[in-house]
Novice: 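Here's a structure for you.
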Amino acid sequence: MGQYYTIYNIDKFQCLGHMGKLGEFFHGVARAKFFVLLGMAGDPANKLTGSWIGDRIICAGDYTEPGDYPEGLFSEEEMAEMTEIDPESTFADCYEYRNISQQLPTMDEEIMGPNPEWVLLNISKRQYVRENAITHLDMMAGHRIAHLGHALLSHIYWSSQSHVLGCRKDICRGSWAGDAFEITTLDRMEQHSGVPWIDVSDEMASWLEELVE
């Protein structure tokens, strides 16, 4: 059996379908889909390009129990609405989430290419990860170097049942689960106004390294 995971966009009621069991898909997850949805690496004429920027994103397991969500993920109004729909169901069952996996635009490999300044922004927490700080890590026996997709996923998993990887740490209570994100370049990030950004690249590299031990 085992637990299966799905990446959800809470705000747009969209998802990327069943990703599979955590240990089966995490290490080899594709970089492109995140650069398209959270950045501008897809066809600009396609409405999905960059469409998840700033939305609440979570990768929830199907063992998540009703009401067991990251603190602040849902407003009181949203919680009340789900309780009214079905108090025994999770958010994934209360609403219809449209699977957009087959509708993602063609990836622009030139835009997505190696760039020492690619960064993943956690807009909610004003933190960022530099991709060049994690690309030295081997996620899949020489077949997949670490990228920003790994950084994102490793912090947005959520389930009521624990799951361990590598270092035997439970990663299913992700500290970024339900936060809003963007993938951009370092110079563009610096143009964002407001509270200063905090670089958590070194912490992310250490975390990912432990997960693949």
Novice: Over all heavy atoms of both residues, which pair between His136 and Ala133 is shortest? Give the atoms and the distance, please.
Specialist: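 Smallest heavy-atom distance, with atoms named: CE1-O, 3.1 Å.
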
Novice: Where does the angle between the aromatic ring planes of His18 and Tyr4 fall among parallel (under 30°), tilted (30 to 60°) and perpendicular (over 60°)?
Specialist: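 Rings of His18 and Tyr4: perpendicular, as their planes differ by over 60°.
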
Novice: With hydrophobic residues grouped by side-chain heavy-atom distances under 4.5 Å, do Leu48 and Leu148 end up in a single group?
Specialist: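 Per the 4.5 Å side-chain linkage, Leu48 and Leu148 are co-clustered.
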
Novice: Would Lys33 and Leu104 satisfy side chain to side chain contact (heavy atoms under 4.5 Å, CB included), going step by step from the backbone distance to the final call?
Specialist: CA-CA 7 Å; Lys33 66 180 64 178; Leu104 292 179; 3.9 Å; yes

Novice: Leu208 and Tyr128: same hydrophobic cluster, using ILVMFWY side-chain contacts below 4.5 Å?
Specialist: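 No, Leu208 does not connect to Tyr128 through the hydrophobic network.
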
Novice: Walk me through it: do Thr90 and Glu65 pass the test side-chain hydrogen bond (donor to acceptor under 3.5 Å, both in side chains)?
Specialist: CA-CA 6 Å; Thr90 67; Glu65 297 176 358; over 6 Å; no

Novice: When rounded to the nearest 0.5 angstrom, what is the spacing between OH in Tyr5 and OH in Tyr157?
Specialist: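 So the gap between those two atoms works out to 8.0 Å.
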
Novice: Going through the distances and angles, do Trp207 and Glu203 end up as a side chain to side chain contact (heavy atoms under 4.5 Å, CB included)?
Specialist: CA-CA 6 Å; Trp207 171 249; Glu203 293 91 332; over 6 Å; no

Novice: Of all heavy-atom pairs between Tyr69 and Ser89, which one has the smallest distance, and what is that distance?
Specialist: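 In this case the closest contact between Tyr69 and Ser89 is OH-O, 4.1 Å.
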
Novice: Can you label the angle between the Tyr97 ring and the Phe13 ring as parallel, tilted or perpendicular, going by 30° and 60°?
Specialist: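 Because their plane-to-plane angle lies in the 30° to 60° range, the rings of Tyr97 and Phe13 count as tilted.
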
Novice: Do Ile58 and Leu73 have side chains that approach each other closer than 4.5 Å (heavy atoms only, starting at C-beta)?
Specialist: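 They are in contact (side-chain heavy atoms under 4.5 Å apart), so the answer is yes.
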
Novice: Hydrophobic cluster membership, with links at side-chain heavy-atom distances under 4.5 Å among I/L/V/M/F/W/Y: are Ile100 and Ile7 in one?
Specialist: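 Linked, Ile100 and Ile7 end up in one cluster.
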
Novice: What distance do Ile183 atom CD1 and Met189 atom CE have between them, rounded to the nearest 0.5 Å?
Specialist: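 Reported value, rounded in 0.5 Å steps: 14.0 Å.
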
Novice: Just checking Arg188: does its CZ atom have more than 12 heavy atoms from other residues, nucleotides or ligands closer to it than 6.0 angstrom?
Specialist: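 No, because the 6.0 Å sphere around CZ of Arg188 holds 12 heavy atoms or fewer from other groups.
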
Novice: Rounded to the nearest 0.5 Å, how far does CG of Asp179 lie from CD1 of Ile156?
Specialist: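 Between Ile156 CD1 and Asp179 CG, I get 9.5 Å after rounding to 0.5 Å.
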
Novice: When you compare the side chain of Ile123 with that of Glu182, does any pair of heavy atoms fall below 4.5 Å?
Specialist: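 Counting from C-beta outward, Glu182 and Ile123 do come under 4.5 Å.
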
Novice: Not counting sequence neighbours, which residues clear side chain to side chain donor-acceptor pair (under 3.5 Å) with Glu81? List them please.
Specialist: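 Partners of Glu81 by the side chain to side chain donor-acceptor pair (under 3.5 Å) criterion, ordered by chain and then number, come out as Tyr95.
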
Novice: Looking at every non-hydrogen atom in both residues, tell me the closest pair between Ser154 and Leu211 and how far apart they are.
Specialist: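 Between these two residues, the closest heavy atoms are CB-CD1, 3.9 Å.
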
Novice: Can a donor-acceptor pair be found, under 3.5 Å and without considering hydrogens, that links the side chain of Ser124 to the backbone of Ala180?
Specialist: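 Side chain of Ser124 to backbone of Ala180: a pair is present.
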
Novice: Got His147 and His150 here, is their nearest side-chain heavy-atom distance under 4.5 Å?
Specialist: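 They are in contact (side-chain heavy atoms under 4.5 Å apart), so the answer is yes.
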
Novice: Taking the side chain as every heavy atom from C-beta outward, state whether Ile198 and Arg126 have any atom pair closer than 4.5 Å.
Specialist: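 No; the side chains remain at least 4.5 Å from each other.
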
Novice: So how far is it from Arg31 CZ to Leu152 CG, rounded to the nearest 0.5 Å?
Specialist: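 Interatomic distance, Arg31 CZ to Leu152 CG, rounded to 0.5 Å: 13.5 Å.
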
Novice: Please enumerate all residues that pass side chain to side chain contact (heavy atoms under 4.5 Å, CB included) together with Asp11, with sequence neighbours excluded.
Specialist: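 Side chain to side chain contact (heavy atoms under 4.5 Å, CB included) check on Asp11 returns Asn9, Asp55, Arg56.
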
Novice: How about Val129 and Val200: do any of their side-chain heavy atoms sit closer than 4.5 Å?
Specialist: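 Yes, close enough: below the 4.5 Å cut-off.
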
Novice: Evaluate the ring planes of Trp176 and Phe181, with Trp represented by its six-membered ring, and classify them as parallel (under 30°), tilted (30 to 60°) or perpendicular (over 60°).
Specialist: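 Tilted: the ring planes of Trp176 and Phe181 meet at 30° to 60°.
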
Novice: Do the side chains of Arg98 and Cys15 get nearer than 4.5 Å, heavy atoms only?
Specialist: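 Side chain of Cys15 against side chain of Arg98, heavy atoms only: no contact under 4.5 Å found.
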
Novice: Kindly determine whether Asp62 and Thr6 satisfy side chain to side chain contact (heavy atoms under 4.5 Å, CB included), including the steps that lead there.
Specialist: CA-CA 8 Å; Asp62 53 17; Thr6 301; over 6 Å; no

Novice: Between the side chain of Glu117 and the main-chain N/O of Leu186, is any donor-acceptor distance below 3.5 Å?
Specialist: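 Flag not set: sc Glu117 to bb Leu186 has no pair under 3.5 Å.
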
Novice: Report the C-alpha separation of Met204 and His155 in whole Å, then their side-chain angles, then the decisive distance to 0.1 Å, and conclude whether the side chain to side chain contact (heavy atoms under 4.5 Å, CB included) test is met.
Specialist: CA-CA 9 Å; Met204 182 65 73; His155 278 61; 3.5 Å; yes

Novice: Do Leu121 and Leu38 have side-chain heavy atoms sitting under 4.5 Å apart?
Specialist: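 Leu121 does not reach Leu38 side chain to side chain.
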
Novice: Show your reasoning for whether side-chain hydrogen bond (donor to acceptor under 3.5 Å, both in side chains) applies to Trp52 and Gln14.
Specialist: CA-CA 9 Å; Trp52 282 23; Gln14 295 174 344; 2.8 Å; yes

Novice: At their closest point, which heavy atom of Gln161 faces which heavy atom of Cys172, and how far apart are they?
Specialist: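 Taking Gln161 first and Cys172 second, the nearest heavy atoms are O-CB, 4.0 Å.
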
Novice: I want to check something: taking the side chain as every heavy atom from C-beta on, are Trp118 and Thr184 in contact at a cut-off of under 4.5 Å?
Specialist: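 Contact flag for Trp118/Thr184 side chains = no.
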
Novice: Just how far is it from atom CE of Met19 to atom CG of Leu153, taken to the nearest 0.5 Å?
Specialist: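 It comes to 6.0 Å.
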
Novice: Say you draw a straight line from CZ of Phe34 to CD1 of Ile57; how long is it, rounded to the nearest 0.5 Å?
Specialist: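 Rounded to the nearest 0.5 Å, the CZ-CD1 separation comes to 10.0 Å.
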
Novice: Where is the tightest heavy-atom contact between Pro66 and Glu88, given as atom of each residue plus distance?
Specialist: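 It is CG-O, 3.2 Å.
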
Novice: Checking the side chain of Thr49 only, and the main-chain atoms of Ala45 only, is there a donor and an acceptor separated by less than 3.5 Å?
Specialist: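 Judged by distance alone, no pair lies under 3.5 Å.
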
Novice: Are any of the side-chain nitrogens in Asp68 or Arg173 under 4.0 Å away from the carboxylate oxygens of its partner?
Specialist: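 So Asp68 pairs with Arg173 through a salt bridge.
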
Novice: Could you report the tightest heavy-atom contact between Gly174 and Trp158, atom names first, then the distance?
Specialist: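 Here Gly174 and Trp158 meet closest at N-CE3, 3.8 Å.
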
